[in-house]
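In what follows, a single structure is set out as structure tokens and then discussed.
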Amino acid sequence: MLTNPYSDVLHRIDHAIGEARRVFARFTPGDIEAEYKAGHDPVTEADHALDAVLRQCLLHDGEGWLSEESADDLSRLDCERVWVVDPLDGTREFVAGIPEFCVSIAFVERGRPVAGGICNPATNEVFLGSIDSGLIYNGSPVRSSQRPSIDGAVVLASRSETRRGEWQAFQDAPFSVQPMGSVAYKLARVAAGFANATFTLTPKHEWDVAAGAALVLSGGGHVETLEHSDLVCNNRNPLLSGLIACGATLQTELLNFLAPYLSVAKQ
């Protein structure tokens, strides 16, 4: 798998994931104190420790860095190659002891997420891939779902969004809605074909979705923004309107189904 233009990048991601797992081993999910940032998002000692380790393992001279837990250095805008990371996606789940959190690492080239790695240490799952090499899950090749219809499909939904009632409109949808924590972890599971689709009509940051989007693309799936455009990362403002990801064969039917809801989301 690693004999491709992104071999070095994938080796760095793989190494960083290994070091991140060492950091996670120092903490007990469900038994850790959290502080709260503006917007009421929790942050823990683990978030900061992971951020430092990832930066050390990944960043080379001439590359940019965008992380949820680092001050934004806008010199990244002058870089063609940028790391977009969320050291701990699903911090709420981590604090609550729910095994739906992960480290999320994306490598972006000229705005395009081209390689990524996501690791859920609680379930011992590692998703690693690039657009040129494909996707591996715990060492074995996988690909996104080939399901052709949304009837009976499994769609992963944000646990927070469902709690707030934002998925109430889909209670009678032809697909099955499965709430799950961590945007990145949901995208990774769609990438590997363990679920058929996921979407969010709520704004998300690049670090929430970049790695998962890279993996969905690596697995042969489809990713687009709510504006029906390809995901472009390393923007001055890293906030995105939302995201849709699915197996490639589900694209047309899912987008047709979501069209009325997208119109409302954009208002």
Side-chain angles (χ1 to χ4, degrees), residues 66 82 84 86 89 104-118 127 129-132 134-135 142-151 153-158 161 166-167 169-170 173-175 177-178 180 182-267:
L66 176 62
V82 178
V84 180
D86 192 339
D89 190 49
S104 175
I105 303 168
F107 184 74
V108 172
E109 192 169 57
R110 300 183 188 90
R112 185 185 184 195
V114 294
I118 287 175
F127 306 78
S130 76
I131 56 172
D132 282 352
L135 176 64
V142 289
R143 62 179 301 180
S144 62
S145 167
Q146 301 300 297
R147 189 183 190 94
S149 172
I150 62 174
D151 290 336
V154 175
V155 176
L156 302 182
S158 161
E161 291 174 16
E166 295 173 19
W167 283 70
F170 303 108
F175 48 75
V177 175
Q178 180 180 335
M180 181 173 289
S182 172
V183 183
Y185 186 48
K186 289 191 285 289
L187 285 164
R189 294 191 66 78
V190 170
F194 301 148
N196 306 117
T198 187
F199 57 85
T200 177
L201 310 185
T202 301
K204 294 290 183 287
H205 287 93
E206 290 180 18
W207 51 72
D208 295 317
V209 302
L215 294 180
V216 172
L217 296 172
S218 299
H222 176 75
V223 175
E224 67 176 64
T225 68
L226 302 192
E227 293 75 32
H228 301 298
S229 61
D230 292 338
L231 175 63
V232 175
C233 294
N234 195 32
N235 299 289
R236 177 177 289 273
N237 180 358
L239 188 64
L240 308 165
S241 61
L243 199 76
I244 302 166
C246 60
T249 53
L250 207 60
Q251 172 187 350
T252 300
E253 191 170 333
L254 179 61
L255 292 177
N256 286 340
F257 175 86
L258 289 178
Y261 304 98
L262 296 181
S263 299
V264 172
K266 293 173 187 177
Q267 292 177 356

Could you pull out all residues at least two apart from [X] that satisfy side-chain hydrogen bond (donor to acceptor under 3.5 Å, both in side chains)?
X: Ser218; answer: none
X: Asn234; answer: Arg76
X: Glu109; answer: Tyr6, Arg81
X: Thr202; answer: Glu166

Closest non-hydrogen atom pair, [X] against [Y]:
X: Pro203; Y: Leu239; value: CB-CD1, 4.0 Å
X: Pro238; Y: Trp207; value: CG-CZ3, 4.1 Å
X: Ser144; Y: Ala248; value: OG-N, 4.4 Å
X: Pro148; Y: Leu250; value: C-CD1, 3.9 Å

For the atom pair SG (Cys246) and CD1 (Ile244), what is the distance rounded to the nearest 0.5 Å?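 Rounded to the nearest 0.5 Å, the SG-CD1 separation comes to 8.0 Å.
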Could you give the distance from OG (Ser158) to CG (Leu201), rounded to the nearest 0.5 Å?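 The OG atom of Ser158 sits 11.0 Å away from the CG atom of Leu201.
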Sequence-distant partners of [X], side chain to side chain contact (heavy atoms under 4.5 Å, CB included), two or more places apart:
X: Ala184; value: Asp89, Cys102, Ser104, Ile118, Ser182
X: Arg112; value: Val114, Ile131
X: Ser145; value: Arg147, Asn196
X: Ala245; value: Leu187, Thr198, Val216, Val223

Item to complete: If a pair satisfies salt bridge (Lys or Arg N to Asp or Glu O under 4.0 Å) and one of its residues is in residues 184-196, list it, with sequence neighbours excluded.
Response: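 Every salt bridge (Lys or Arg N to Asp or Glu O under 4.0 Å) pair that includes a residue of residues 184-196, provided the two are not neighbours, is Glu125-Arg189.
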### Query
What salt bridge (Lys or Arg N to Asp or Glu O under 4.0 Å) pairs are there with at least one residue in residues 192-218, not counting sequence neighbours?
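Qualifying pairs, neighbours excluded: Glu161-Lys204.
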- Message: The criterion is ring pair (Phe, Tyr, Trp, His ring centres under 6.0 Å); which residues satisfy it with Phe170, sequence neighbours excluded?
- Response: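 Per chain and number, Phe170 pairs via ring pair (Phe, Tyr, Trp, His ring centres under 6.0 Å) with Trp167, Phe199, Tyr261.
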Show every donor-acceptor pair shorter than 3.5 Å between a side-chain atom in residues 253-260 and any protein atom, with sequence neighbours excluded, or say none if there are none.
residue : atom : partner : partner atom : Å
Glu253  : OE2  : Ser149  : OG           : 3.2
Glu253  : OE2  : Ile150  : N            : 3.3
Asn256  : ND2  : Thr252  : O            : 3.3

Decide if atom CG of Asn235 counts as having more than 12 heavy atoms of other residues, nucleotides or ligands within a radius under 6.0 Å.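 Yes - once you tally the heavy atoms of other residues, nucleotides and ligands closer than 6.0 Å, there are more than 12.
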For side chain to side chain contact (heavy atoms under 4.5 Å, CB included), just list the numbers for Leu231 and Leu240, CA-CA rounded to whole Å, side-chain angles, deciding distance to a tenth of an Å, and then say yes or no. CA-CA 9 Å; Leu231 175 63; Leu240 308 165; 3.6 Å; yes
Using a distance-only test with no angle check, is there a side-chain donor-acceptor pair under 3.5 angstrom linking Thr225 and Glu227?
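Distance-only check passes for Thr225 and Glu227.
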